[in-house]
Every structure is written in structure tokens, then in C-alpha cells.
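First up is the structure itself, then whatever we jot down about it.
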Amino acid sequence: MSTISEKIFSRASGKEAKANEFIMANVDYAMAHDGTSVLAVRSFKKMGLEKVWDPKRIVIPFDHLTPANTETTAALHHDIREWIAEQGIPNFFDVGEGICHQVLPENGFAMPGKLVVGADSHSCTYGAFGAFGTGVGATDMSEIFAAGKLWFKVPETIKVTARGKLGKHVLAKDMTLKTIGTVGAAGATYKAAEFYGDTITDLSISGRMTLCNMAIEMGGKAGIVPPDKKTFDFLEGRAVEEYEPVYADEDAEYCAEYDIDGADLEPQVARPHQVDNVCDVMEVAGTKVDQVFIGTCTNGRLEDLEVAADLLKGEKVAVRTLVIPASRSVMIEAIRNGTAELLLEAGATLGTPGCGPCLGGHMGVIGEGEVCISTANRNFRGRMGTGGQIYLGSPATAAASALTGEITDPRTV
Ligand SMILES: CC(C)[C@H](C(=O)O)[C@@H](O)C(=O)O
Ligand code: SF4
């Protein structure tokens, strides 16, 4: 009677692992990006260590401040590139390759049954593939760099079941925001979430990534969709090694259960400054916006850009609209299939694949008193610029709002 997390931790620790136990687990893949690798490498060097445990199992994408925004960032990037070369780490993704949580799945590092740990809180995204994906701090990452292992408390699991077919212009993001609004920003603290129901199985891989990406926004240690044919098809020719899918037992123990109604779901928006401050879009419709941002590890995939392009096709945006593809391959596909052209013709700005202004680093921060509707996962106070206000919504809601200059229900344009 085990949950997916208990089974993954049992394999990774080599002994039967049950919720609330402390175990030492072998990590399958470890990720740090330009932001966190700096600190992880510093702490690794402080330990007096020379070589990482296994260069092939470390993945380093540069995405947070790319291209470098200041001389300081450029110098830090330079140092990390040197360290990566010294260590012989083959999985290095430099400026323009994309956001870590897009790059790892695209390159087959997120696989069912694996323990994938990242020095970034949204590493829970890998749960979309049936992995236990979780974020740790940079010093914990240095321990993993050193020995490939880390202590974990095996999490309890909540079960979220979503049923019903989503309506027109109601997307995975709306379901995700609804789930966070229902569970609450701290409702799943140090717990894993397993997602079930036809609404979930109907989601594309991209939609499942949106959902699992935001598990941390309800405090979750992980968010996991049981792998199915869609998962296996996506991983075909992509998975970097063999994997074994893991499923929960019928009588697995859940500490809480939630039901989400997909059929009657309206487009959702999270109001400033908490992610669980969620409401139907109608409640905030008409709120003037200064900027629209479509991108991030939550909603910067091809499907998201296509949704936006479809709404903006042949029209002109009323406010500045930034579109930042989640990865180089998303951008290439968007160029190939005409999506990029539609967005540019409508007046949107296309940026280098990466995090963009998501965490307020550069490329599109907002000014004092400005309002942005964003497809990202966090709307914390000041995140995209001091004194700014962030509303979170789906790419459809963001694109509809771009057309009118105010928060708009995509079903009305
Ligand atoms: C910079 C990094 C540590 C951070 C995170 O862990 O989530 C960032 O990606 C974010 O989204 O705020
Ligand atoms: S896109 Fe945003 S949420 Fe995702 S990793 Fe980058 S900064 Fe963090």
C-alpha cells in the first residue's frame, strides 16, 4: 500500500520507505542553473572537493539572467562555464537554450520513477512525467554534487482528482490555479500531490507540466501525474536511460483528498500578491494592465504560444506584450509553424528563450504602480519590479487582455 513517492524513495534508498521516515536517497539527475550553480559550486569548493560524483548525472542550464544583464552576471557565468569544463559535465545548456524545467524534459532527463532534484523550487515540474521532481537549496545541491545522495523526509501524499471536460478557452493553467485556490498556498506543505481523473489524463504533456510546475505554490514537495501512453510517446527516442514507471497501490494512504470540477471551470486569475488569491476571471475583468507577459516554465511552451497567436491573429495588441519561448526548440517550432510571425505581426515582442522578467531580473520588469498579467507561477509583491502588481492567468487570458489592455475573459473576444 504505497504512494508513488514512497515507491520512488524505496528504490532510491534501497529500502522500504514510508511517509514521514527520513532516508538517504540516491539522486538520478541533479540540476542547477546559472542562478543557483554559483552558490552550489562555491559550497562544493569549500568542502575541499575536487571531482563531482558523476558528471553525466548533472545538468546545468543557463536561463535566469541570460543573456547576461550586467558585468557581474557575465563574470559569474564565466566562472561557472570554467567549472563545468573542468568537471567534464556534458549536459551544459548555455544562453538561449531555454528554461531549466523545459530543457530537462525536452532532453529526456525527466522520466517515470526517477528522483530528479534541482536547485530551483519549480523542479516539481518533472512530476509531469511520473518522476519525483523536487527543489533543494544550493548547499544541499553541493552535497549532491559531491556524493550523489541527499537526506529526505518521505512526504505524505494528497490526492487531487479532477473530472470533466474543460470548456473553450479554459486551459490547464485555469485548472492549476483552481487547484491552488482550493488547497491553499500552504495546504500541501512538505507533501506530494498525485493527480488523477479524466481532466488530468486529457491534458497534453505541456498541460501536465503547467500543473506539476505549480505544485510548490501550494507548498508541495512534488506534484505527480501517473505516466501513461502520452508520457511514453513523449519519451520515445528522448529518455536518456531506461526507466520503470511507478504507480500507487489501490490502497495507498493519502493524508487528504480534493476534487476539482473541470466541466464547470471558468478561466481563473490569481490576484496580487498571493498565488492562492484565485478568482474567476470575471471578477477582475476590466482591470487595466500595462504589460502582458506570456512565457516562463509554467506557460512558455509551443501550445501556449499557439493559443496566444490564435487569439491575436490579424489583430493588434493594445499594450506592450512580451512573449518569451521556454526553449530554443519551442522558438524554432514557433517560427517554423508561423506562430512567431502571427505574434510579431500583432505587435508582440519576442525575447530570448529563458526566464525573462519572471523573477524581476531583467528584460521586461515593471515600474512602480504598473500592472502586469503574466502566465508565470508567482505574483509575490515586487517580484517583477518594486511596486508592481502581478495577476496570473492562462495564455488565453493573457492574450485576450493584450487585445483590450485590460484583464479580459478569453471567451468574450
Ligand atoms: C532563482 C531560483 C532560486 C528561484 C526558485 O527557486 O524558484 C526562481 O527560479 C524563481 O522562480 O523564483
Ligand atoms: S521561469 Fe520563472 S519560475 Fe520558472 S525557473 Fe525561471 S524564474 Fe523560476
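This structure is a prediction, so every number in the text was calculated from the model and none was measured. Order of listing sets the numbers, starting from 1, for every ligand and every atom in it.
With 3.5 Å as the limit, one finds no donor-acceptor pair spanning the side chains of Glu266 and His169. A donor and an acceptor atom, one from each side chain of Gln291 and Thr321, are nowhere located under 3.5 Å apart.
Taking the ring centre of Tyr243 as origin, the terminal cationic atom of Lys114 falls outside the region bounded by 6.0 Å and 45° from the ring axis.
Residue contact annotation: His101 places no N/O/S atom under 2.8 Å from atom 6 (Fe) of ligand 2. Not one N, O or S atom of Cys355 sits under 2.8 Å from atom 4 (Fe) of ligand 2.
Close to ligand 2: Arg383, with a non-hydrogen atom less than 4.0 angstrom away.
Shown here is Glu21, whose CD atom has more than 12 heavy atoms of other residues, nucleotides or ligands within 6.0 Å. Within 6.0 Å of atom NZ in Lys165, 12 or fewer heavy atoms from other residues, nucleotides or ligands are found, so the atom counts as exposed in its surroundings. Heavy-atom contacts from other residues, nucleotides or ligands closer than 6.0 Å to NZ of Lys178 number 12 or fewer. With a 6.0 Å radius and a threshold of 12 heavy atoms from other residues, nucleotides or ligands, Arg238 has its CZ atom above the threshold.
Listed by atom number, the atoms of ligand 1 under 4.0 Å from Thr36 heavy atoms are 3 (C). For ligand 2, the atoms sitting less than 4.0 Å from at least one non-hydrogen atom of His122 are 3 (S), 8 (Fe), numbered in the order shown with element in parentheses. Of all atoms in ligand 1, listed by their number and element, those nearer than 4.0 Å to a heavy atom of Asp120 are 2 (C), 4 (C), 5 (C), 6 (O), 7 (O), 8 (C), 9 (O). Close approach of ligand 1 to Leu359 (heavy-atom distance below 4.0 Å) involves ligand atoms 1 (C). Atoms of ligand 2 lying under 4.0 Å from any heavy atom of Asn377, numbered from 1 in the order shown and given with element: 3 (S). Each of the following atoms of ligand 1 lies closer than 4.0 Å to a heavy atom of His64: 1 (C), 2 (C), 8 (C), 9 (O). Heavy-atom contacts of Thr296 reach the following atoms of ligand 2: 1 (S) (cutoff under 4.0 Å).
The closest protein non-hydrogen atom to atom 8 (Fe) of ligand 2 is His64 NE2, 3.8 Å. Protein heavy atom in closest approach to atom 2 (Fe) of ligand 2: Cys358 SG, 2.3 Å. The nearest heavy-atom contact from the protein to atom 7 (O) of ligand 1 is Ser121 OG, 2.5 Å. Scanning all protein heavy atoms for the shortest distance to atom 4 (Fe) of ligand 2 gives Cys297 SG, 2.3 Å.
For ligand 1, the polar-atom distance check finds an N/O of Arg378 within less than 3.5 Å of one of the ligand's N/O atoms.
Under the side chain to side chain donor-acceptor pair (under 3.5 Å) test applied with Tyr254, the options Glu194, Lys191, Lys159 reduce to a single match, Glu194. When Asp120, Asp63, Thr298, Thr296 are each tested for a side chain to side chain donor-acceptor pair (under 3.5 Å) with His101, only one passes: Asp120. Exactly one of Tyr190, Phe132, Phe22, Phe9 qualifies for a ring pair (Phe, Tyr, Trp, His ring centres under 6.0 Å) with Phe152. That residue is Phe9.
Which of Arg383, His122, His33 comes nearest to atom 12 (O) of ligand 1 through a heavy atom is settled by distance: it is Arg383.
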